[in-house]
Q: 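Have a look at this one.
Positions are given from 1, in the same order as the sequence printed here.
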Amino acid sequence: MPSISGTDIRKVVVACDAGMGSSVMLASQLKRQLAKNAVTVEHTPVNSIPADADVVLCHAGLAARARVSAPDKVIIPFQVFIGDPAVTKVVNAVQRGGELSG
């Protein structure tokens, strides 16, 4: 299982089934939260995860597809798009340090 230190995260990708809609809202929220941390946040379809992603956030139902699309990336599945503890864990790792694995 891949892991990364929060201080090494430079690009977070929010992946969803089509690359729009709810993932856009979550990506916008993360951009605001991580603006001071020099982290790029993008949204993309789960089958098109960019090679330079450090961490991929996706709905739990898409985690298996994300792991196929980006097997060497840290995949963080979540249940709800706004206020999920898994998303908070990523933000805290970037802002305060700490290890993420997934």
Side-chain angles (χ1 to χ4, degrees):
M1 182 177 293
S3 65
I4 190 170
S5 170
T7 57
D8 294 331
I9 296 171
R10 296 292 164 249
K11 186 171 189 174
V12 175
V13 172
V14 180
C16 75
D17 208 17
M20 54 177 72
S22 299
S23 66
V24 174
M25 290 187 326
L26 179 55
S28 293
Q29 174 188 343
L30 286 170
K31 282 179 187 177
R32 284 191 304 275
Q33 290 177 311
L34 300 176
K36 295 179 183 175
N37 299 96
V39 174
T40 301
V41 179
E42 295 180 358
H43 62 89
T44 183
V46 71
N47 295 332
S48 302
I49 296 169
D52 61 345
D54 294 312
V55 174
V56 179
L57 283 158
C58 66
H59 190 271
L62 298 174
R65 286 174 56 193
R67 286 188 177 97
V68 169
S69 180
D72 60 332
K73 305 301 178 189
V74 175
I75 308 293
I76 306 293
F78 59 85
Q79 295 295 325
V80 293
F81 280 91
I82 303 298
D84 193 286
V87 176
T88 302
K89 184 177 176 179
V90 172
V91 171
N92 287 340
V94 170
Q95 292 177 341
R96 300 179 189 149
E99 196 75 11
L100 286 176
S101 60

Q: Could you measure the distance from the CZ atom of R65 to the CD1 atom of I49? Nearest 0.5 Å is fine.
A: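 The CD1 atom of I49 is 9.5 Å from CZ of R65, to the nearest 0.5 Å.
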Q: Consider side chain to side chain contact (heavy atoms under 4.5 Å, CB included). Of N92, V80, L57, I82, which one does V87 pass it with?
A: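 Result for side chain to side chain contact (heavy atoms under 4.5 Å, CB included) with V87: L57.
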Q: So how far is it from L62 CG to N47 CG, rounded to the nearest 0.5 Å?
A: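 That separation rounds to 9.0 Å.
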Q: To the nearest 0.5 angstrom, please state how far the CG atom of N37 sits from the OG1 atom of T7.
A: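 The CG atom of N37 sits 11.0 Å away from the OG1 atom of T7.
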Q: Quick one, V55 and I4 - any side-chain contact, counting heavy atoms below 4.5 Å?
A: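 Heavy-atom side-chain distance check passes, below 4.5 Å.
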Q: Determine the minimum heavy-atom distance between K73 and P2, stating which atoms define it.
A: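 Shortest heavy-atom contact: O-CG, 3.4 Å.
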Q: If you look at every heavy atom in G102 and R67, which pair is closest and at what distance?
A: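 Looking at all heavy atoms of both residues, the shortest contact is C-NH2, 4.1 Å.
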Q: Could you go through the side-chain contact (heavy atoms from CB on, under 4.5 Å) check for D8 and D54 one step at a time?
A: CA-CA 8 Å; D8 294 331; D54 294 312; over 6 Å; no
Q: Would you check if the side chain of H43 reaches a backbone N or O of V13 as a donor-acceptor pair within less than 3.5 Å?
A: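 No: the side chain of H43 does not pair with the backbone of V13.
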Q: Could you grab the distance from atom CD of Q95 to atom CG of L34, nearest 0.5 Å is fine?
A: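 Answer rounded to 0.5 Å: 6.0 Å.
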Q: Does K89, at its NZ atom, have more than 12 non-hydrogen atoms belonging to other residues, nucleotides or ligands within less than 6.0 Å?
A: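 It does not: K89 NZ has 12 such atoms or fewer within range.
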Q: So, the side chain of E42 versus the backbone of A53: is there a donor-acceptor pair under 3.5 Å, distance only?
A: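 No, the answer is negative, given that no donor and acceptor are paired below the 3.5 Å cut-off.
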Q: With rounding to the nearest 0.5 angstrom, report the OG to CD1 distance, S101 to I76.
A: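 Rounded to the nearest 0.5 Å, the OG-CD1 separation comes to 6.5 Å.
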Q: Out of the candidates V46, I75, V74, only one should pair with V56 under the side chain to side chain contact (heavy atoms under 4.5 Å, CB included) rule; please name it.
A: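 Among V46, I75, V74, the one meeting side chain to side chain contact (heavy atoms under 4.5 Å, CB included) with V56 is I75.
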Q: Quick test of your reading of the model: are D52 and R10 salt-bridged, counting only N-O distances below 4.0 Å?
A: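 No.
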Q: Might you point out which heavy atoms bring A86 and P77 nearest each other, and give the distance in Å?
A: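 Distance-wise, the nearest heavy atoms are CB-O, 3.4 Å.
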Q: Show the nearest heavy-atom pair for residues Q29 and F81, with the distance to one decimal.
A: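 It is OE1-O, 4.3 Å.
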Q: From M25 CE over to L30 CG, what is the distance, rounded to the nearest 0.5 angstrom?
A: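 Answer rounded to 0.5 Å: 12.0 Å.
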Q: Minimum heavy-atom separation for S69 to S48, with atom names?
A: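 Nearest heavy atoms, S69 then S48: OG-N, 4.0 Å.
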